[in-house]
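Just so we're clear, the structure is a prediction, and the values are computed from it rather than from any experiment.
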Amino acid sequence: MLLNPLIDIRGYHCLIALLAIGCLGCEPTPQEAEALFTYGATTLAMTTVADSLDVPWEICAGPGGQLWVAEQSGKISRIDPETGVQQELLSLKDVYRLRTGGLLGMTLHPDMDASPYVFIAYVAKNEVDQPVSRIVRYTYAGDTLVAPLEILEYAAWNGHYGARLVIAPDGMLMVATGDGAQHGNAQDVRVPHGKILRYRIDGSIPADNPIPGSPVWAWGLRNPQGLAYATDGQLYSSGHGDAIADEVNKIIKGGNYGWPVVEGFADTDLERAVARDSVIQEPLRAWTPTIGPAGLALYESDILPEFRRSILLTTLKGNGLHVLKLDADGSRIVADTILFQQLFGRLRSVCVTPAGDIYIGTSNRDWNPNGFAEARDDRIIRLSKATKQQLRNQQATPAAVANQSDVVSRGELLYTDYCASCHQANGRGVAGVFPSLYQTGPVAAADADALIRLVLEGRGEMPAFHFLEDKELAIILSYVRKRFGPQASRVSGVEVAARRPAPASGQ
């Protein structure tokens, strides 16, 4: 029996016991647990139900206990979680995949017998070779998807696509869209970007939407990545902030969520002034440093009592599953527990089935890998209550807790929080997207003045980090210059302060 250490996850203990069933090195079948975890009083079994996927961006619970999976490449499959057998239902030929583009959102109609519809969101190229986002309804017939009905096409640019879908309790189609990295879009209710949109399932606009003749239900969103309903009818969304304030929001009819004039909570003088003049819906939770929130699902079953009445949130930068415990009326997050951090790598999607099982999809082979990709990635992992047989097969005892005395430097922690998601932990960046810190005329060894101004003011897709304190910025830059430009001098907080732009008058 091969054991990994007992890991303390934010106050909970998680026993990871890799099972060698039958013979050492044998791959377990889908029915056999690869690991057991204790979370509270419940023992969870972890099983890989599908592997070698191409970024499973969306996982949906389908009829007959089957999983429906949308891969970024444009493939939609049905997977039997007990046998692992996959059946391809559709392969889109016009997907435009660049960075976060591709096949993104998918949702199934909850009554597939009466309304056999599957809704998808993806990025394509239009007739003049410009990227566009499309919302399309397909009909499920004869083990395939046919009769596409285009509900919406809108300009896509090169990022911030958003693109999650869900069917509301009243039968309407809800669509989350990103702002396209065009800052004016989210507050402009005339365009579909940076919004939650509401349609009938035939693509028409409901008469009771907040703006007559418009699909806009809520606005002021930057790049929503998750969208899900609770059984009480409340709608929740997760989204990416800029350099600060990744968010989870409760979405209400006609709500303005602030972007780009308010990031996270209205806690600066300018943001408070905006909030005095406009009703801004603040998030339930905001994270700085950012965590890269992705898929979102509600857990309301009694099968796994520790998860009950929680939002489950997968994260890309944080590499963990957040269990966000809600209060009784779903208006406040009262606890935030992180599970499996750094264990499976980037987590993109999450699904809760009627049987009370949790499925998470990894995203280790996407455009921005962070070193966690393994031979079986990307995969879909099931977390379920361990059966008696699985517990009998498990004869492990807890191993010693790993020595945590070697704590990484403050500079490395700050670099990981604010820089590594783009420039990577090794400083090599992503070719053609994020510059390497080792490039010719290395960034790390550049003139200190230029480097300080760059991080204070931002450039292109790199956000401004002026919200950090002088000392924190000095620590980050000193760490970067020491690690990636070893001949470079340290940066002091005094130097950073001297190069900050003076605040605008009246602010």
Side-chain angles (χ1 to χ4, degrees), residues 55 57-58 70 72 95-106 120-126 130-135 152-165 174-197 215-227 237-249 251 256-264 283 286-288 290-296 313-317 346 348-349 363 366-368 421-422 430 432-434 458-464:
V55 188
W57 206 286
E58 191 78 82
Q72 190 180 5
V95 164
Y96 175 58
R97 182 174 180 178
L98 176 67
R99 296 169 60 178
T100 55
L103 173 57
L104 307 178
M106 177 179 70
I120 64 172
Y122 71 101
V123 183
K125 288 285 194 76
N126 63 13
Q130 295 298 311
V132 293
S133 289
R134 289 178 178 152
I135 311 300
L152 177 66
E153 179 180 292
Y154 57 102
W157 295 285
N158 291 310
H160 293 201
Y161 303 115
R164 293 283 186 175
L165 310 169
M174 310 301 288
V175 181
T177 68
D179 70 354
Q182 314 295 310
H183 281 189
N185 280 339
Q187 291 296 320
D188 186 350
V189 296
R190 299 169 297 178
V191 300
H193 308 82
K195 309 294 191 300
I196 303 296
L197 308 175
V216 173
W217 183 257
W219 60 92
L221 300 169
R222 181 177 182 269
N223 192 15
Q225 294 291 300
L227 193 67
S237 177
S238 58
H240 291 172
D242 194 3
I244 63 172
D246 285 345
E247 298 181 358
V248 164
N249 290 286
I251 301 298
N256 182 353
Y257 292 82
W259 175 259
V261 292
V262 176
E263 297 183 74
W287 291 268
T288 301
T290 54
I291 60 172
L296 176 152
L313 176 68
T314 53
T315 63
L316 303 167
K317 182 178 176 183
R346 288 161 67 84
R348 175 74 64 178
S349 46
S363 192
D366 61 23
W367 71 284
N368 190 17
S421 61
C422 295
V430 177
V433 182
F434 299 131
R459 180 186 300 163
E461 294 192 17
M462 176 177 168

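- For Trp219, the ring-ring contact (aromatic ring centres under 6.0 Å, His included) test picks out no residue, with sequence neighbours left out.
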Exercise for the section: Evaluate the side-chain contact (heavy atoms from CB on, under 4.5 Å) criterion for residues Asn185 and Thr177: first the C-alpha distance (whole Å), next the side-chain angles of each, then the deciding distance (0.1 Å), finally the verdict. Expected result: CA-CA 11 Å; Asn185 280 339; Thr177 68; over 6 Å; no
Practice task
Any chance you could lay out the side-chain contact (heavy atoms from CB on, under 4.5 Å) test for His240 and Asp246, step after step, and finish with the verdict?
Solution key: CA-CA 5 Å; His240 291 172; Asp246 285 345; 4.2 Å; yes
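- With contacts defined as side-chain heavy-atom distances shorter than 4.5 Å, the pair Tyr122/Arg97 does not qualify.
- Residues Thr315 and Ile291 share a closest heavy-atom pair of CB-O, 3.4 Å.
- Pairing each heavy atom of Ser237 with each of Gly226, the nearest pair is OG-O, 3.0 Å.
- Using bins of under 30°, 30° to 60° and over 60° for the plane-to-plane angle, the ring pair His193/Tyr154 lands in the perpendicular bin.
- Residue pairs that meet the salt bridge (charged side-chain N to carboxylate O under 4.0 Å, His left out) test with at least one member in residues 174-188, sequence neighbours left out, are Asp188-Arg190.
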Problem - Audit row: Arg99, Asn158, side-chain contact (heavy atoms from CB on, under 4.5 Å) steps and yes/no - result: CA-CA 8 Å; Arg99 296 169 60 178; Asn158 291 310; 5.8 Å; no
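- Taking NE2 from His160 and CG from Asp242, the interatomic distance works out to 7.0 Å, rounded to the nearest 0.5 Å.
- Remark: the backbone N or O of Asn368 is paired with a side-chain donor or acceptor of Asp366 at under 3.5 angstrom.
- Contact annotation: the side chain of Thr314 never approaches that of Arg348 to less than 4.5 Å [non-hydrogen atoms, C-beta and beyond].
- Under the side-chain contact (heavy atoms from CB on, under 4.5 Å) criterion, Ala156 pairs with Val123, Pro131, Ser133, Tyr161, sequence neighbours left out.
- Annotation: the span from Ile135 atom CD1 to Ile120 atom CD1 amounts to 8.5 Å, rounded to 0.5 Å.
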